[in-house]
Amino acid sequence: MNSRWIFQKLTPPFSSWISSFRVLSSAALFSSQTPKYSLNYAETSTLLSVCRREGNLRLGSSLHASVIKDLQLYNLNLPYNFLNALVVWNSVIAMYWKCGELGNALKVFDDMTVRDTISWNSIISGFLANGEFELGFGYFKEMLGSVIYRFDQASLTAVLSACDGIDYLGVCKMLHGLVTSAGYDTEITVGNALITSYFKCSCFDSGRRVFDEIMERNVITWTAVISGLVQNEFYEEGFNLFVKMRSGLVSPNYLTYLSALSSCAGLQALKEGCQIHAIVWKLGIQSDMCVESALMDMYSKCGSLDDAWRIFKLAQMTDEVSMTVLLVGFAQNGFEDEAIQIFVKMVKEGIEIDANTISAVLGVFDTGTSLGLGKQVHSLVIKKAFGANIYVNNGLINMYSKCGELEESVKVFTKMQQKNQVSWNSIIAAYARHGDGFKALLLYEEMKSQALKPTDVTFLSLLHACSHVGLVHRGMEFFDSMQKLYRITPRMEHYACVVDLLGRAGLLNEANSFIKGLPMKPNALVWQALLGACGIHGNMKMGKYAADQLAIAAPDSPVPYVLMANIYSSRGKWKERARTIRQMKEVGVAKQTGISWIEIERKIHSFVVADQMHPQSDAIYGILLLLLRHMRDEGYHMLDKMFILNYIEEAENASYM
DNA sequence: ATAGGGTTAG
């Protein structure tokens with residue numbers, strides 16, 4: 001084979017065709033057998049770059065073969081051809097590494113008698129882009145030590161963009177020093193790469209500082225810093241810079257708008273999000289798939305699920321990303337079943353299921369979601385080899401823990417090679433949720449010994465754990481160290497946890513004065529915690545107070561009435577109970593019917609109170625009564641004694657017995 | 001040199 005056959009249908013001069021090759025697919029050039037024309041250097045390297053872009057190894061390697069052959073024919077090793085030959089060899093190297101053929105790329109590089117900076121940059125990028133970091137950085141070092149070859153801005157951006165993750169922070173800093181000492185700090189591409197790398201290495205301050213001190217900013221500089229901030233959850237800072245950018249001379253581009261939409265999603269800034277929607281509409285890019293997903297995400301995170309749904313319905317194309325956005329949108333807006341349905345639909349329709357989709361659907365699982373389905377998702381994880389993905393594993397820990405399989409959670413956690421704070425938070429919460437508060441605290445100690453800093457969520461789990469094993473003192477110590485040692489400002493959720501901690505332990509007065517001392521107005525969560533504690537300890541007086549406060553803080557909630565009614569009935573105050581129920585109906589707050597269910601052989605059986613709909617209803621009630629009699633006979637009187645005795649009495653008089 | 005979606009408590 002040689003390259004000439006490719007051009008049978010084309011007319012010379014080829015040079016004029018070169019620009020059209022850039023848009024032509026190489027496959028379109030793949031037809032003839034009759035060799036007519038010979039390719040010059042420029043044509044060869046252009047075609048090679050088309051192959052590189054398309055990953056067309058087949059055509060690329062035959063071009064390589066023809067180059068070798070032409071070298072013999074035309075004696076390209078002659079000195080005056082050297083630069084041209086160099087360009088061709090560099091193109092061959094680049095073509096090979098883009099096709100993943102590092103071995104071939106390296107062989108060409110090694111065989112070259114003369115190389116230039118581009119050859120070195122190409123082989124370095126090749127290794128780095130294919131995950132061979134040691135080799136890539138190794139060749140870069142060799143280049144640094146060379147007296148013949150000089151690195152340039154492209155070498156620097158190549159190694160900088162490989163600095164991805166905290167492990168590379170040291171390298172990144174070293175390169176920053178090199179940039180300055182070699183005088184490349186005025187080079188805009190280098191500055192942009194530095195910003196991006198610092199953000200990828202979680203060194204946000206340095207990234208921001210490079211941005212602040214950079215001489216010249218183009219749209220990429222702005223977008224790099226905005227997206228860096230947004231991807232690391234500094235939504236407000238990112239959005240503010242976007243606003244600042246719009247009042248300056250550099251116009252945002254399509255990628256800037258994507259990041260700006262992400263910031264609105266993170267800030268739940270619906271109004272600002274709508275404004276950006278208007279801008280992208282005006283620019284005519286509102287139907288771009290990425291823009292659509294970003295818009296959907298913004299709307300659903302701002303609570304406007306309807307708008308997200310409308311965009312999805314009207315979209316010409318949807319893919320796994322937009323469906324995942326919708327899935328999370330459903331889940332976070334209270335439509336868990338619909339979220340699961342989207343996942344099922346994706347699997348059935350053969351839509352690509354990636355690690356993001358898996359972790360998203362795992363997040364939908366809650367107490368009562370079918371464990372069987374969870375196991376199916378787990379088997380998909382194994383089948384798709386997502387076992388090393390930290391988000392997926394964290395999702396599995398939570399799924400199993402919420403579905404009641406603590407041991408499975410522990411198994412996933414133990415097997416994880418890489419653990420982050422979320423992994424530890426999840427396993428601590430899993431033990432707390434299953435009542436093993438001591439083990440949860442033990443794991444916290446272990447987490448600290450791994451040099452992982454606890455987060456605000458860690459403390460929620462710890463307080464929860466302490467609360468359930470009655471470790472009031474320990475819990476208060478955590479609450480203290482959270483603020484003093486870790487500089488975490490407590491959120492309302494933390495306050496509610498402390499109230500729960502004190503209240504459950506019977507320290508209702510302490511809980512109440514804790515609430516009085518709060519630096520902000522307590523919300524419904526806090527009052528509900530106090531009311532719940534009053535329920536446990538049967539304190540009607542403070543319970544009434546908490547219930548009244550809760551009814552003010554959450555006027556649409558049935559909870560104050562229901563919990564208060566329960567307190568009354570546990571104390572045998574039937575009249576007060578009836579009055580509370582009547583009051584609830586008068587206020588018009590709907591109490592959601594409690595449903596319990598059980599999954600037996602892939603079928604879910606659900607029950608509401610006094611349900612007689614099940615085909616085996618009689619038999620079920622028979623067993624229930626049997627159990628209750630056992631409880632009564634064994635003197636079980638810890639909880640809701642009156643309910644049980646009442647129920648047995650009623651049942652024994654009822655017609656179906 | 002910039003690129004849409006994912007996990008934690010209640």
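Values reported hereafter were calculated over all heavy atoms of this structure, with side chains retained and with hydrogens, waters and symmetry mates removed. Numbered from 1 within each chain, the chains take letters A, B, ... in sequence-line order. Remember, predicted model here, so these are calculated numbers, not experimental data.
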Can you list the residues that meet the salt bridge (Lys or Arg N to Asp or Glu O under 4.0 Å) rule with [X], with sequence neighbours excluded?
X: A/Glu213; value: none
X: A/Asp185; value: none
X: A/Arg504; value: A/Asp500

* For residues 306-316 of chain A, pull every pair meeting salt bridge (Lys or Arg N to Asp or Glu O under 4.0 Å), keeping only residues two or more places apart or in separate chains. => A/Asp307-A/Arg310
Nearest-angstrom distance from the residue atom [atom1] of [X] to [atom2] of [N]:
X: A/Arg504; N: B/dG10; atom1: CZ; atom2: P; value: 10 Å
X: A/Phe343; N: B/dT7; atom1: CZ; atom2: P; value: 14 Å
X: A/Leu460; N: B/dG10; atom1: CG; atom2: C1'; value: 8 Å
X: A/Asp366; N: B/dT7; atom1: CG; atom2: P; value: 14 Å
X: A/Lys402; N: B/dG10; atom1: NZ; atom2: C1'; value: 10 Å
X: A/Tyr431; N: B/dA9; atom1: OH; atom2: P; value: 16 Å

* What is the nucleic acid contact for A/Arg491, judged by heavy atoms within less than 4.0 Å: base, sugar-phosphate only, or nothing? -> base
* Could you list by number each residue of residues 437-445 of chain A showing a heavy-atom separation from DNA chain B of less than 4.0 Å, or answer none if no residue does? => none
* Interface with DNA chain B, restricted to residues 420-427 of chain A and to heavy atoms under 4.0 Å -> A/Val422, A/Asn425, A/Ser426
* Sugar-phosphate means primed atoms, P, OP1 and OP2; the rest is base. With that split, encode nucleotides 1-6 of chain B 5' to 3' as B, S or - using protein heavy atoms under 4.0 Å. => BBBBBB
Please name all residues satisfying ring-ring contact (aromatic ring centres under 6.0 Å, His included) with [X], sequence neighbours left out, ordered by chain then number.
X: A/Phe413; result: A/Trp424
X: A/Trp120; result: A/Phe109, A/Tyr149
X: A/His494; result: none
X: A/Tyr495; result: none

* Asked: Are A/Arg208 and A/Glu237 close enough for a salt bridge, meaning some N to O gap below 4.0 Å?
  -> yes
* **Flag side-chain contact, heavy atom, 4.5 Å: A/Arg433 against A/Lys402** => yes
* **Residues which pass side-chain hydrogen bond (donor to acceptor under 3.5 Å, both in side chains) with A/Glu272, listed by chain and number, not counting sequence neighbours** => none
